Protein chains: 2
Amino acid sequence: MYSKDIAKLAGVSRSTVSRVFNNYPNVSVETKEKVNRIIKKYNYVPHGPARTLAGKHNKVIGVFIINVDHKDEKFNVFRNTYFSPFTGAAIDCADKLGYNVLVVVIDKNSDFRKIRELFNNKTLSGGIFIGALNSPPKILELVESGYKLVIIDQDQNYQSKVKGNYIIVNSNNFEGAYTATKYLIELGHHNIAHICGDIKKLSGSERLKGYKRKMNEAGLKIKKHYIANGDFTENSGYRCAKELLKGKNNNKNKITGIFCSNDAMAIGAIKAITEMKLRIPDDISIIGYDDTEISSYISPSLTTIRSSILKMASVATRNIIDFIENGIESSKFHVIPTELIERSSTKKLEN
Amino acid sequence: MYSKDIAKLAGVSRSTVSRVFNNYPNVSVETKEKVNRIIKKYNYVPHGPARTLAGKHNKVIGVFIINVDHKDEKFNVFRNTYFSPFTGAAIDCADKLGYNVLVVVIDKNSDFRKIRELFNNKTLSGGIFIGALNSPPKILELVESGYKLVIIDQDQNYQSKVKGNYIIVNSNNFEGAYTATKYLIELGHHNIAHICGDIKKLSGSERLKGYKRKMNEAGLKIKKHYIANGDFTENSGYRCAKELLKGKNNNKNKITGIFCSNDAMAIGAIKAITEMKLRIPDDISIIGYDDTEISSYISPSLTTIRSSILKMASVATRNIIDFIENGIESSKFHVIPTELIERSSTKKLEN
DNA sequence: CTGTTAGCGCGTTCAT
DNA sequence: ATGAACGCGCTAACAG
């Protein structure tokens, strides 16, 4: 069933059908009604590719999940407690605005070519990157090629150096980390360690900064062995916790609190600590970041910093669609606020 | 950069470029090489929509997640421990075969119209349904319209009644449920309850059958109040467990084991039981179904039936692509085997 | 307000 | 083995 057929049935020309379907103003009320009736009756939908070919943009956006360097978790991208809900929320939000979402997982650098193809061949009108390193050349090349993009978790300062406009959406990483550290301090902890995320990512480095700043402001010393280098994976959290807490069993280690740069690492840390026969929160208080679903399920439930993933996704999605439909005159920068969620993995330090 | 440009640069006609790109046999080796060099150099990719318009099929498949009746979990589709990994695996598998995946969440019945549109306007060449009720008329209408579909979790017996071919992929529900029940019995349990999934879904009704069959074969009575009607959600598992275990605190209830039709409900049940101050597995043994990621994290870790979600997804994806590219002569039916995963939510009954 | 016409980029005859 | 010409279904520019 094509516009030609609708035209014949309605006794008008194909152009009129097109005009009616696209809600153009210059059509008489009667013909509009007449044509609309036929359209409804036959469930007519214009042929998408033909539409794009004739100059309209496809109502499809991409969500690009960058998973390079984590081949071991290959099949688990969608089990990732951050990527999954983000993608779900983006799909939901796009749907409300009449858009569809094509999901692409990037395992290796060469996969960027695929994204370029998807844009080149006009399958996509825009896209959202999650899991990217900070100021990744591959992505900025795409921006310079004129593709419309939102990047989650990127340093704003690079925007001026790039030819072309794009949109950044970030969690308020510094503030969140600052709050987490402050909370532990207020609970009476002094020897607070930090398990870093990948510091090549903005969230990793900013959260580290927030931790350091608050420690300094509180006049607490950050000993060298208080900072462990994780990479946002659960395994790294496990490894780092073991490293940080070496000697804790025979009281040679004073650490009583750990701020983990995300929930996944916090969960790894909890595993490690439990294995070491230490108790949470009695011996060690743990605080995470993200408030992923699993945080409320594990035992003990995890105190964490929420920076609504849903909100990040909806801001990203609404903005990319606005970008596609109306364009933007300059790059944009959005920050999603944070909030402390108190659960049972943290405890006031006795005495 | 279009085929026209490549043609000019290579000093050939557009047709030749097209022939080279699509690997036609009737091109001389030299021109083929020459053209390929230019294609590589400029990263040429044919314009997708134009291609479809000229008669090729789009290399895009849909994953349709049916979430009707669960509006409360609206934003949580992707936190769903079953849908998420399935979708991820499907994307990964499709990618390997050169296909992209468009994800659609169906919240209400009217959303089916959207799927029809996506097929009508040639955005999609095929699709996979997950979360469907058994023999859902809306989906079968799509099959009869000639759209290429895989449906997960469907009764094979309906296939003959439908005009048109489609593909079914199921877990071996009956066998899995039978094994789960058998396991509890072998651990010495006699009073075994079952929390059903939505019995309008094949998995819900088949697992119930498996439970009943094994109980009967073992000569164990299934009392009426041993079966509670859940709907595969965690909340329903919580509610059903409370219902099943009423009176357990003052020894008026003999139930010592519960087989839950999926892991989500088992997790809900664990919450309820913990709240009731009963111990798992000491007072109650719990077994689930699906082996979702979270099962190994919760405390106690959950004994469950694995019917590899990854495998289901890859079978579904490979089959839909084969269907698209080569067609099928009749409907197909695939069953994924099951396996018992022993963890710590089950225990041999003393005395 | 409406119809006619051209052209989007590609794959494919049909010639050669 | 290669090029010219047509048509896929649609929107947009141009007439009227």
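Not measured: the values here are computed from a predicted model. Just so it is clear: chains get the letters A, B, ... in the order the sequence lines come, proteins before strands, and each one is counted from 1.
- A donor atom on one side chain and an acceptor atom on the other are found under 3.5 Å apart for B/Asn43 and A/Arg113.
- Rounded to whole Å, the distance from CD1 on A/Ile6 to C1' on D/dG9 is 13 Å.
- Counting only heavy atoms from C-beta on, B/Lys56 has its side chain closest to C/dG11 among D/dG9, C/dG11, D/dA5.
- Between B/His47 atom NE2 and C/dC8 atom C1' there is a gap of 8 Å when expressed in whole angstrom units.
- No salt bridge links B/Asp322 with B/Arg318; every basic N to acidic carboxylate O contact stays at or beyond 4.0 Å.
- Looking at B/Asp5 and B/Lys8, no side-chain N of the basic residue comes within less than 4.0 Å of a carboxylate O on the acidic one, giving no salt bridge.
- Less than 4.0 Å separates DNA chain D from at least one heavy atom of each of the following residues of residues 16-35 of chain A: A/Ser18, A/Arg19, A/Asn22, A/Tyr24.
- If you check distances only, the side chain of B/Arg14 does reach the base of C/dG11 with a donor-acceptor pair under 3.5 Å.
- Summarising the geometry, the separation between NZ on A/Lys8 and P on D/dG9 is reported as 13 Å, rounded to the nearest angstrom.
- When heavy atoms are screened at a 4.0 angstrom cut-off, B/Ser15 is found touching base atoms of the nucleic acid.
- Put simply, B/Tyr44 has a side-chain N or O that comes within less than 4.0 Å of OP1 or OP2 on C/dC10.
- Judged by distance alone, the side chains of A/Ser135 and A/Asp155 never bring a donor and an acceptor atom under 3.5 Å apart.
- For A/Ser18 (side chain) and A/Arg14 (main-chain N/O), no donor-acceptor pair under 3.5 Å exists by modelled atom type.
- The distance between atom CG of A/Asn120 and atom P of C/dG9, rounded to the nearest whole Å, is 13 Å.
- Minimum heavy-atom separation, A/Met312 to A/Ile336: CG-CG1, 3.6 Å.
- One can place CG of B/Leu53 at 9 Å from P of D/dC10, the figure rounded to the nearest angstrom.
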